[in-house]
Every structure is written in structure tokens, then in C-alpha cells.
Amino acid sequence: MQRKRAKLQIQNSEINSTTASHIFKGIAIYVNGRTEPSVQELRALIILHGGVFEPYLVNFSLVTHIITCVLTEAKIREFKNRKVVRPEWLTESVKAGALLPWRDFEFVQGPRAHQLPSYATDASNSNAQRAMADPEWRAANTSAAPGFIKTYFENSRLHFLSTVKAELVREAQARAEAKQEQQQAEGLERADYSPVKGKGRERVIMHCDFDCFFVAAGLLSRPDLRGKPVVVCHSQGNQGGSSSTSEIACASYEARERGIKNGMSLQQARKLCPSVLTMPYEFERYRDLALKFYTILMVHADELQAVSIDEALIEVTTAVSRVSSADPAKDLAERIRAEVKAETGCEISIGIAHNVLLARLATRRAKPAGALHLRPSDVPGLIATLEITDLWGFAHSHRDKAREKLGSTALSELAKKSRTVLSDALGKKTGETLYNAIRGIDDTELRSDKQRKSVSAEISYGIRFNSRETAEVFVRDMAETVSQRLNELKMRGRSITLKIMKRAPSAPVEAPKFLGHGACDVFNKQTALVGAGGRATSDAKVIGEHAWRILESFHFDPQELRGIGIQIQKLEPTDGPVNTDSNQKRLPFKPAEPIARPPSVIAPPSPAPARVYAAAVNLAGPSTDASLPAIDDVDPAVLDALPLDVRQELEQAWQRRSESPFPGKAPPVQRGSGPPRSRSTAPQSVFPGGKAAGLKLGPRSGGYILDKNSVHPNRPANSFLRPTDSYIRDELGLDPVMLALLPRHIQREQLTAARLIKTLGAIPEVSGERLILKPRRYDPPPDLFRQPPPYAKYPEKPKLRQQGRTGEKVFFTEADDVQGLIEAWVHAFKEIPPNGKDIEFFAKFLVQCVDSERSTDTGVERAIAIVKWWLVLLRRYWGDYEHIEGTVEEAEDARVAEAWWKAFRDVKERIDVVARKKFGGRLSLR
DNA sequence: ATCCTCCCCTAC
DNA sequence: TAAGGTAGGGGAGGAT
């Protein structure tokens with residue numbers, strides 16, 4: 001193969017000697033399958049114009065683009081993250097004499113409507129079109145409406161499910177904490193004789209799940225509807241609901257028999273069953289029922305993992321061991337079912353097995369209204385009848401992969417595949433999970449102690465903006481929402497991701513689903529979230545500012561937006577109490593008092609201890625947007641005025657720096673053509689010299705907990721959190737106050753290191769990371785501003801303005817070779833950023849073309865032609881950077897590219913503003 | 001190797 | 001009219 005490659009490369013270079021142009025310079029192309037024009041012709045074309053033809057796809061990194069006319073399903077997956085382009089890209093580029101943007105020729109597989117939900121046809125929703133035509137309706141019922149976010153979340157079933165799940169998880173966690181403490185206490189008292197609990201005994205796992213939860217709940221007050229095809233959805237079924245796109249959240253068994261499925265639209269359901277009846281959501285009732293359900297489960301469970309409002313996994317090994325009968329597990333399950341039925345009036349089903357995987361499988365066979373104990377001997381027989389999607393965690397995507405790469409989706413077939421084969425097809429871990437699952441093996445533990453990693457809010461329904469301003473208001477409101485959620489959890493974050501859904505170019509303006517998002521392109525962008533003083537934050541203004549900046553950086557038309565989400569990561573607990581009147585609905589769990597509990601059942605756990613939030617340090621009030629204290633030397637106004645990319649770079653630097661408790665100055669930022677910044681993993685300075693006046697800072701998040709009895713709300717009791725001040729000071733030789741100022745993870749390191757010193761007398765050189773509290777080198781201040789571009793290298797830097805008329809009006813005449821001029825301009829500024837005055841001049845000229853009183857269609861057309869040409873030029877030089885912005889780029893040419901694209905977008909925006917004013921639309925560059 | 005980031009995927 | 005959220009697991013691919 002290597003020889004073959006080498007030979008072909010020689011052939012390539014022979015053709016190369018007669019190169020006609022260099023438009024494909026830097027491009028390496030692999031041609032996949034049969035194409036029109038043929039591979040031979042394409043190869044000649046590529047080489048003729050300075051590109052590289054890669055005959056084999058041995059190494060993906062050698063190939064920049066893949067050319068194809070058809071792709072098999074398998075290839076689509078294989079090439080998913082590649083630039084796959086139609087051959088016309090090459091032929092058209094040659095015709096144009098310039099490299100056209102590959103995205104305009106991106107290979108896309110034909111419509112895959114079958115993958116979309118049934119309501120998502122291509123047709124626009126005519127009801128929505130009508131409604132949206134009325135500005136008043138629009139202003140009152142879409143994302144532009146005041147209070148939209150609140151009402152939306154009040155009515156969203158998915159939001160409800162997520163919220164309740166989070167609450168249940170927290171309760172389970174609190175319970176686990178309490179239980180652990182109780183056990184520890186008992187363990188101490190009875191250490192001498194207490195037997196090791198449960199060890200050596202096979203686990204008993206139960207998967208408990210309401211049958212058609214929402215429907216069952218609704219039927220409690222509508223007994224006359226029992227036995228009928230009923231669904232829960234928003235639509236009141238006006239006009240028979242025959243044209244309703246309202247989604248069915250839950251269908252009764254009678255409805256399911258008629259083919260109605262959860263997630264269908266009501267209109268679909270009506271077609272299948274015209275007599276289907278609808279019930280409204282009753283969120284508060286669901287909450288009450290779930291509370292009763294979980295309370296009962298908690299009584300019986302050693303361990304409980306909340307799955308959702310109507311579903312939980314419990315380990316009941318102990319409780320089962322206390323039942324003496326022929327089938328104790330099944331008997332306990334029936335008892336639990338009876339208790340839930342008595343308390344809630346609803347049926348649950350319970351799957352029982354020795355692991356989670358099988359318990360979940362058992363539940364399916366237990367339904368409706370039953371309990372089923374799946375024994376090891378039953379497993380092979382059951383598994384053999386199943387499909388891959390019957391396994392928890394495997395859905396259509398894995399099914400498709402299995403079908404393509406493994407030739408089957410039946411577990412009986414997949415059972416013949418080796419571990420390696422499965423892993424190669426599905427990924428390492430997923431393959432192993434599947435391999436084990438087929439054999440009934442699953443050793444996942446029930447976990448109730450997981451800590452939160454992110455907090456987010458997202459809406460992709462009813463998002464319709466007609467202006468930048470409404471979009472901005474919305475984004476900032478969303479930020480407010482996220483901020484509240486963070487505060488309720490007493491969390492702050494250091495990282496923000498904005499998710500944007502934008503109407504796909506091929507999708508109708510009004511989606512098939514009423515006010516839905518329709519087919520969309522999704523954009524995620526993550527940046528550092530920098531609160532006051534460079535610290536983690538939950539401040540709504542700060543979050544809003546970051547989110548809005550990110551959104552703006554995309555320069556999307558607000559009218560095209562269909563979904564907005566804000567996610568906060570890199571969470572830290574808030575130290576002191578945050579002034580939030582927690583209006584969060586907490587599930588009012590109380591110490592369980594189960595109904596008709598037989599004496600064989602273990603005693604209910606004691607309630608969780610009062611949770612105390614110790615404020616380690618609280619020297620200042622909560623952070624606010626207005627006070628940017630720590631970065632003393634930077635005027636906030638200056639900061640604001642910086643270009644986004646510079647700002648973000650600084651912010652990231654601050655963030656890195658602020659690992660130190662005293663966010664003083666950011667580390668130096670390499671700029672321009674200097675050597676690339678070494679992202680040193682060197683230890684962060686723990687105690688910068690000089691201004692230890694950092695003490696004036698506000699509360700440092702992550703302070704250790706001084707009260708040894710306190711328990712952090714979202715963290716299980718953790719021994720490292722427990723040292724007393726005197727222990728820290730006297731035994732470990734650390735300053736407890738200083739320690740409290742450190743972020744939690746550094747505290748942990750410091751404590752560990754100090755303990756090691758104490759016991760070993762020295763710290764082992766583990767990774768060379770920061771080890772122990774001691775003063776460190778002081779980092780010099782950052783290089784805040786861009787170096788001026790090296791003008792001297794370009795003594796005859798051409799100015800666009802020189803070509804303009806000197807009179808009061810700036811205008812090109814027909815005689816001017818505008819295209820040639822722009823080309824010369826762009827070419828001249830290929831290696832340094834363009835001059836702002838030139839851009840200004842150019843923008844004015846174009847705006848005038850569109851806007852001036854004597855502007856005619858030809859003026860507009862001229863502007864379009866010029867902007868298009870500009871676009872072609874920019875894409876020719878910097879096509880790869882077109883959709884990249886705001887990134888922290890080191891390379892000079894990347895900076896230049898970004899500068900040009902920014903200029904382009906700014907100018908385009910200015911023209912669009914005028915065009916919108918004048919014609920109510922934007923310039924189309926297609 | 002191991003970590004990090006940026007996705008996709010999955011569950012309810 | 002309708003209310004398509006949310007968090008975590010994991011894979012790919014690049015940086016360290």
C-alpha cells in the first residue's frame with residue numbers, strides 16, 4: 001500500500017508540473033465511490049489546480065475533504081465529522097477561478113423524514129402561519145411575550161419531569177446521608193459484635209414503576225373514563241382535536257391497543273382512534289402521588305435511586321431477608337404494590353432481579369399491575385427474544401449502528417459477537433456494556449450520592465423573535481432563570497454554554513408542529529463564566545451578559561432563532577447564605593409512616609439532620625455586576641470596549657489565574673507572532689506575593705466547613721471536610737483561615753499533603769502539581785492589548801479610500817473597477833488585519849448604494865454584487881474561518897482572518913439594517 | 001496514556 | 001392553537 005501511494009504521489013507531482021492554478025492549494029481530497037465526473041477526471045482537475053489527490057483513505061488526517069455523489073449508511077456514519085462535498089465544488093470552483101466555500105456544496109443525504117416524529121412532515125403549520133400573521137397574537141403568545149418563560153415552564157411537562165426528578169434525587173441523597181451517619185454511629189457503638197451486613201448475600205433489586213402514571217392519576221377523579229382510550233395532553237380537543245399538534249404525554253392501555261403511542265400528536269391519535277378522550281395535566285397531583293410512592297419505597301429500601309417521578313430503583317436485600325416465605329422477594333414486592341395502591345389509588349409494577357439491568361427487563365413483563373421476579377435461569381431464554389433497543393440505554397442510534405456494522409439488531413445474533421467486535425462497532429464502553437447485558441451481567445450499583453455537574457435552562461418552543469431587542473430581553477430573562485436555579489441550589493459556576501437552535505435553511509419558517517422549532521441547526525458555544533473578581537458566579541447580570549455576547553457573536557438573524565439554552569458548568573458551592581427567598585417547591589417528605597406495614601419490615605429511617613450551611617468566610621455581600629473588584633488595574637469600561645475575542649482570552653486567563661484565592665493579575669498573554677503560549681500546568685500560585693490585600697474580596701466559594709457537624713447540601717458527608725480548626729492549625733500546621741479561602745479541591749490537596757507530611761515526613765513527588773501551602777512566584781501583569789500590526793513591513797499599504805472621489809459624496813463611478821479594487825485591497829491585507837477606516841469607507845459606500853434617495857434597483861444590485869464578490873474573496877483566503885469566531889487564536893493568520901470576517905459581518909449587518917428599514921428584508925447573498 | 005472539550009445520545 | 005427540558009454518560013479527536 002505504501003509503495004502504491006508513493007507511486008501515485010510521483011504521478012501526482014508529474015501532473016503538478018503543469019499546474020494551471022493554485023486554487024486547491026492546501027487541499028487534500030479523497031474521492032469516495034462512483035462520481036460524476038469520474039474519479040480520473042476529478043483527480044486530474046484537483047492536481048491541475050494545485051490540490052492533492054489522496055487515492056486511499058488510510059489516514060483521515062491526510063485528507064481535508066471527501067468528494068462523493070452517494071454514500072452508504074455506514075459511510076455516512078464513518079464520515080459524519082468530515083467535510084463531505086459534492087464534485088460540483090471542484091468543477092464550480094475551477095469555473096469561478098477561486099475556491100468556493102465547500103459548505104455551499106456540502107453533501108447531504110436525501111430527506112430522512114422517517115427519522116422524524118410523525119407530526120414533523122415538511123409542511124408548514126397553517127394554523128401557526130395564520131396566528132403568526134397577527135402581530136398582536138404574536139406579541140402575546142410567543143417568546144416575545146412578557147412572562148413567556150414563566151408560563152412556559154409552568155406548562156411544560158418535560159420541564160416538570162426534570163424538576164421533580166432533581167428534587168427526588170436530592171431527597172434520596174439527603175436520606176442516604178442520614179442513613180450513612182446513622183450507620184456510622186451504630187457502627188461505632190456496636191463495632192465489637194455487629195456482623196457485616198448483607199455481604200455474601202445476593203443483591204435484590206426492584207424496579208418500581210407506575211402504570212401509565214399521568215393517565216392513572218387523571219382517572220382518579222374521572223372513574224367513568226376507566227377502560228376507555230384516554231390520553232393526557234395539552235389540547236382541549238377543540239374542533240375534535242383533528243388538527244392538533246399537541247403531544248401526547250401518556251396514553252392508557254386501551255389507547256395503546258389502538259396504536260396510540262406516547263409522544264404522538266393528538267391529530268395522529270385521532271386518526272388512529274377518533275373516539276380517543278383527552279385529559280389535562282395535573283402536575284400538583286402527580287407530585288403528591290410521587291411523594292407517597294417514594295415515601296413507601298424509602299421504608300423498604302437499603303438504597304434508593306430516583307429514576308423519575310413515577311419510577312425508582314431500590315435495593316431491598318435486607319428487607320427481603322426479613323421475609324420468610326417461599327418467594328420472599330416477590331412477596332415483598334406485592335406488599336409494596338399493595339401499599340402504593342392503598343395510598344395512591346394507582347397501580348405500580350415491579351420487576352425484581354439480582355441486578356438493575358434485569359430488574360428493568362422484568363418490569364416490562366410484570367406490567368400491567370404485577371410483580372415479576374426474574375431469576376438467573378430465566379435470563380438466557382428472555383434475552384434471546386429481545387432486540388438491542390429493549391435494553392435500557394440503547395435506542396435507535398445504537399440499533400442503526402448494530403444493523404450496519406454488526407448485521408443484526410437481535411440480541412440472539414449479537415450474542416455471537418466477541419467483546420472486541422461489539423466495542424469496535426459501538427465504542428469501548430458501550431460495547432462492553434452490551435456484551436455483558438446479553439449475558440445478563442450488570443454490576444452497576446444504585447447511586448444516590450451523585451453531585452450536580454451542571455445547571456441549565458432551555459426553551460425551544462415558541463421562540464419567535466422579530467428583532468434583536470426582543471431576543472436580547474429573552475436571553476437575559478433566561479439568564480435570570482438560570483441564576484435563580486443556581487441560587488436555589490447554592491451553587492455558582494465558572495463556565496457557560498449557550499445553545500442556539502436556528503431554523504435549518506430547508507425548513508419552513510413555521511414548523512409543522514404549532515410554534516415548534518422544526519428542523520434546526522444547533523450551535524453550542526462554551527466560554528469561561530467570569531463573575532466579579534474573576535470568580536465563579538450565579539449573578540443573573542453576569543450570566544446574561546456572557547450569554548448575550550455569545551449569541552451576538554454568531555450574528556444570526558433573530559427571526560431565524562428557534563431555541564435558546566443556557567447551561568452553567570464547573571460548579572462550586574456557594575459559601576455563605578445567598579439572599580434568596582427559596583420559593584423552590586420542596587417535596588415535603590416526612591419520616592415515613594407507611595400504611596399497614598407488617599412487623600417484618602425494618603424501621604423507617606430517621607429524618608435527615610438539619611442541614612447547616614456554615615459560612616467559612618463572608619467578608620462581603622454577594623457579588624454584583626457593577627463591582628469588578630479584583631482586577632484592579634483594568635478599568636471595566638476598557639474591558640468592555642475590548643473586542644470579544646481579546647476579552648474572552650483575558651477572561652480565560654483570569655479564570656485560570658483565579659484558581660488562586662487572590663485573583664490578582666492574569667498571566668501574560670502571548671500575542672502576535674511570538675512563540676505559542678505554553679499552557680503551563682505548573683502549579684497555580686497559592687499565595688501571590690505583594691497584594692495579599694486580596695482579603696478585601698467577597699466570599700470565596702468552596703470554603704471548608706468549620707462546623708464539624710455540618711453537612712453540605714449536595715455532598716455526602718466527606719471525611720476531609722471534617723477537620724477542626726485546631727486540628728488543622730496544631731496537627732497539620734496550616735492556617736485554617738487561609739485554607740478556608742481556597743477552593744475546595746485545593747483544600748483537599750493541601751490537607752492531604754499536610755497529612756502526608758505529618759505521617760511520612762515528606763511528600764511524595766506525585767505529579768509535580770501544586771503540593772503544599774507556601775508562597776509562590778508572583779506572575780507579571782498581562783499584556784492587555786494587541787500589539788499594533790507590523791505596518792513597516794508594508795510601506796505601500798494600499799488604501800481603499802484613495803480610490804474614492806474626493807468630493808463630499810463617496811462614490812465609485814461605473815468606470816471604477818470596483819471588483820479589482822476590492823481584490824487588491826483584500827490581497828494587500830492578507831497578512832495584517834484590515835484598516836478600520838477602509839472598512840468604514842467601504843461600509844458607507846455600500847449603505848449609500850442601498851439607501852441613498854436616488855438609489856434604484858441597480859444600486860441595490862450593485863451593492864449585492866460587490867458584497868458577494870467580497871465574500872468570495874474572503875472565502876478564498878480564509879474560508880476555513882468563516883464560521884469560527886471569538887475563539888482564542890494564537891496564530892497571526894487566524895487573527896487576520898477573524899478581523900476580515902468580523903469586518904464582513906459588521907458591514908453586512910449595517911447594510912441589512914438599512915435594507916430592513918427600506919424593504920423590510922435583508923440582502924440575500926445567494 | 002490521560003485529560004479536556006465538544007459534541008451526540010438517552011431517559012423520563 | 002401549545003407549552004419539543006434537563007442532566008449525565010460516553011465517544012471522537014485533539015492537547016498535554
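Chain A is the first sequence line, chain B the second, and so forth, proteins listed ahead of strands; every chain is numbered from 1.
Taking atom NE2 of residue A:His396 and atom P of nucleotide B:dA11, one finds them 10 Å apart after rounding to whole Å. Nucleotide B:dC6 holds its P atom 10 Å from the NZ atom of A:Lys525, rounded to whole Å. Taking atom CZ of residue A:Phe394 and atom C1' of nucleotide B:dC8, one finds them 15 Å apart after rounding to whole Å. When rounded to the nearest whole Å, the span between CD1 of A:Ile388 and C1' of B:dT10 equals 13 Å. When rounded to the nearest whole Å, the span between CD1 of A:Ile309 and P of C:dG5 equals 18 Å. Remark: P of C:dA3 and CZ of A:Phe474 are 16 Å apart, rounded to the nearest angstrom. Per the geometry, CZ belonging to A:Phe160 stands 18 Å off C1' belonging to C:dA2, to the nearest Å. For the pair A:Lys513 NZ and C:dA2 P, the interatomic distance rounds to 8 Å; values are reported in whole Å.
Taking the six-membered ring where tryptophan is involved, the planes of A:Tyr152 and A:Tyr461 are essentially parallel, since the angle between them stays under 30° and well short of 60°. Ring-plane geometry between A:Phe283 and A:Tyr286 is classed as perpendicular, the angle between the planes exceeding 60 degrees on a 0 to 90 degree scale with a lower cut at 30.
Applying the side chain to side chain contact (heavy atoms under 4.5 Å, CB included) test between A:Ser460 and each of A:His517, A:Arg562, A:Lys499 identifies A:His517 as the sole match. No option in A:Arg364, A:Arg360, A:Arg399 other than A:Arg364 meets the salt bridge (Lys or Arg N to Asp or Glu O under 4.0 Å) test with A:Asp390.
At least one side-chain nitrogen or oxygen of A:Lys429 sits closer than 4.0 Å to the OP1 or OP2 atom of C:dG10. An OP1 or OP2 oxygen of C:dA7 is reached within less than 4.0 angstrom by a side-chain nitrogen or oxygen of A:Arg452. OP1 or OP2 of B:dC8 has not a single side-chain nitrogen or oxygen of A:Ser397 nearer than 4.0 Å. Taking side-chain N and O atoms only, A:Lys499 has no distance below 4.0 Å to OP1 or OP2 of C:dG5. In this structure, A:His159 does not reach the C:dA3 phosphate: none of its side-chain N or O atoms is under 4.0 Å from OP1 or OP2. Phosphate proximity of B:dT10 to A:His398: present, with a side-chain N or O under 4.0 Å from OP1 or OP2. Contact check, A:Arg485 against C:dT6: a side-chain N or O comes under 4.0 Å of OP1 or OP2. Proximity of A:Ser308 to the phosphate of B:dA11: no side-chain N or O atom is located under 4.0 Å from OP1 or OP2. In this model, the phosphate group of C:dA2 is approached by a side-chain N or O of A:Ser244 to a distance below 4.0 Å at OP1 or OP2. For the pair A:Tyr281 and C:dA2, the criterion of a side-chain N or O lying under 4.0 Å from OP1 or OP2 is not met. Within the 4.0 Å cut-off from OP1 or OP2 of C:dA2, at least one side-chain nitrogen or oxygen of A:Ser235 is found. Remark: A:Thr245 is in phosphate contact with C:dA2, judged by side-chain N or O atoms under 4.0 Å from OP1 or OP2. An OP1 or OP2 oxygen of C:dA3 is reached within less than 4.0 angstrom by no side-chain nitrogen or oxygen of A:Thr151. Residue A:Thr430 has a polar side-chain atom (N or O) positioned under 4.0 Å from OP1 or OP2 of C:dG11.
In the set C:dG8, B:dA11, C:dG5, C:dG8 carries the atom at the smallest distance from any side-chain atom of A:Ser454. Side-chain proximity of A:Ala395 to B:dA11, B:dC6, C:dG9: nearest is B:dA11. Proximity note for A:Tyr461 (side chain, C-beta onward) versus C:dA2, C:dT6, B:dC12: the nearest is C:dA2.
Using a 4.0 Å heavy-atom cutoff across all strands shown, A:Asp310 reaches sugar-phosphate atoms only and no base atom. Across all strands, A:Ile459 comes closer than 4.0 Å only to sugar-phosphate atoms, never to a base (heavy-atom distances). Residue contacts shown for A:Ala457 are limited to sugar-phosphate atoms, with no base heavy atom under 4.0 Å away. Residue contacts shown for A:Gly518 include a base, since a base heavy atom lies under 4.0 Å away. Across all strands, A:Ser156 comes closer than 4.0 Å only to sugar-phosphate atoms, never to a base (heavy-atom distances). When heavy atoms are screened at a 4.0 angstrom cut-off, A:Arg130 is found touching no nucleic acid atom at all. A:Glu458 comes within 4.0 angstrom of a base, heavy atoms only. Within 4.0 Å of A:Gly462, counting heavy atoms only, lies no atom of the nucleic acid at all.
Residues A:Phe153 and A:Thr433 each lie close to DNA chain C; by heavy-atom proximity, the contact nearer the 5' end of the strand is made by A:Phe153. With the nearest nucleotide of DNA chain C identified for both A:Leu161 and A:Ala131, A:Ala131 has the one nearer the 5' end.
A salt bridge links A:Arg503 to A:Glu560: at least one charged side-chain nitrogen sits closer than 4.0 Å to a carboxylate oxygen. With salt bridges taken as basic N to acidic carboxylate O contacts below 4.0 Å, none links A:Asp288 and A:Arg285. Ion pairing of A:Lys405 with A:Asp424 is absent here, as no side-chain N (NZ or NE/NH1/NH2) approaches a carboxylate O to less than 4.0 Å. A salt bridge between A:Glu284 and A:Arg287 is present, with a side-chain N of the basic residue lying under 4.0 Å from a carboxylate O of the acidic one.
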